[in-house]
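Beneath this line is the structure, given in structure tokens, with notes to follow.
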Amino acid sequence: MTTGRFAPSPSAPLHLGNLRTALLAWCASRCAGGRHLLRIEDLTTSSASDCSQSQMEDLAALGLDHDGEVVRQSMRSGLYEDAIGRLERAGRTYPCYCSRREVREASLAPHGPAPEGAYPGTCRDLSAAQRRSLERAGRRPALRLRSRGVAVTVRDRLLGEQRSVADDLVLRRADGVAAYNLAVVVDDVDQGVDLVVRGDDLWETTPRQVLLQRLLGFATPSYLHVPLVLGPDGRRLAKRDGAVTLAERAALGETVPQVVGMLAASAGLAVAGEELTAVDVAERFEVGRLRRDPWILSS
Ligand code: GLU
């Protein structure tokens, strides 16, 4: 049975872009007659700024239910460490002492067909003495994957294929927390997810995740990356863009069926002005009908 999921980071209330991705992920799972899971990706969110409760209320208000318990990444560090341990034992990791700024600067230098911002391997071949001296200077290392410049081809149901060289991505950050790419790969396989629907801002990092799946012996799920919602200025939708949350749309007098209809229309699944339930949208969901361009929210 198909298993899909929605996996929000709880650091801010869901905006229309997140809600649209949530709707499409739910529709993709449900129209395949599958299970749909909810995972809170709270590895880097402090409990003070955790909005997961209001996020879950918004999803429920839109009629986007989920099966089973809600999973929180912050409770799963043991699983992530098991996977990291397997990569370590296979000789596929190394400590990296670079600061963010050093990585940014080094990654600006040309270094072949790797993704933008790719890590150029500064710490890959440090000697034991060099590592000791960095540690004595108080540097705490992150742990990176030794990717060995492998090119990976990944397929998306909407975007087609991309082939790119995966870089030496971070597996564990310097503060000891598992990195997003590692956690998402481990969680999806642990939860039996075989259908990943998410924003297309993550398409660029997908080859890294596919490489990790291969190294860990995991199956690759089917991917569907959906376009983002942008603000009137063409930047990624944000608070500055006005009424972007469900509560803010309600304050403008919009009902849930109007919001769902608007989200569906923006994705190519409804005509402007239709009022719909999530079930209505699932009934007409078809990857071939989805728009590939971002939706620019005008008001
Ligand atoms: N937590 C990620 C986000 O909120 C989504 C990760 C995923 O779906 O793989 O953008």
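We count ligands from 1, going down the list as the structure has it; atoms in each ligand are counted the same way. Side-chain atoms are counted along with the backbone in the values below, which use heavy atoms only and exclude waters and symmetry mates.
- Looking from atom 6 (C) of ligand 1 to the surrounding protein, the closest heavy atom is Glu41 OE1, 3.2 Å.
- Comparing heavy-atom distances from atom 5 (C) of ligand 1 across Pro10, Ala12, Ala7 singles out Ala7 as nearest.
- For ligand 1, the atoms closer than 4.0 angstrom to any heavy atom of Val184 are 9 (O).
- Of the candidates Arg30, Arg5, Arg39, Arg30 is the only one forming a salt bridge (charged side-chain N to carboxylate O under 4.0 Å, His left out) with Asp67.
- In summary, the side chains of His225 and Thr206 do present a donor paired with an acceptor at a separation below 3.5 Å, with no hydrogens or angles considered.
- With no hydrogens or angles considered, a side-chain donor-acceptor pair links Tyr94 and Asp168 at under 3.5 Å.
- No side-chain donor-acceptor contact under 3.5 Å links Gln191 to the backbone of Asp188.
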Legend entry - Test side chain to side chain contact (heavy atoms under 4.5 Å, CB included) applied to Leu212 and Leu169, step by step: CA-CA 10 Å; Leu212 281 178; Leu169 57 118; 3.8 Å; yes
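- Under 4.0 angstrom from ligand 1, the non-hydrogen atoms of Leu202 all belong to its side chain.
- If you number the atoms of ligand 1 from 1 as listed, the ones under 4.0 Å from a heavy atom of Arg5 come out as 7 (C), 8 (O), 9 (O).
- The closest approach between Tyr180 and ligand 1 falls below 4.0 Å for a heavy atom of the residue.
- Ranking the protein heavy atoms by distance from atom 4 (O) of ligand 1 puts Ser9 N, 3.2 Å first.
- Asp42 and Thr45 share no side-chain donor-acceptor pair at under 3.5 Å.
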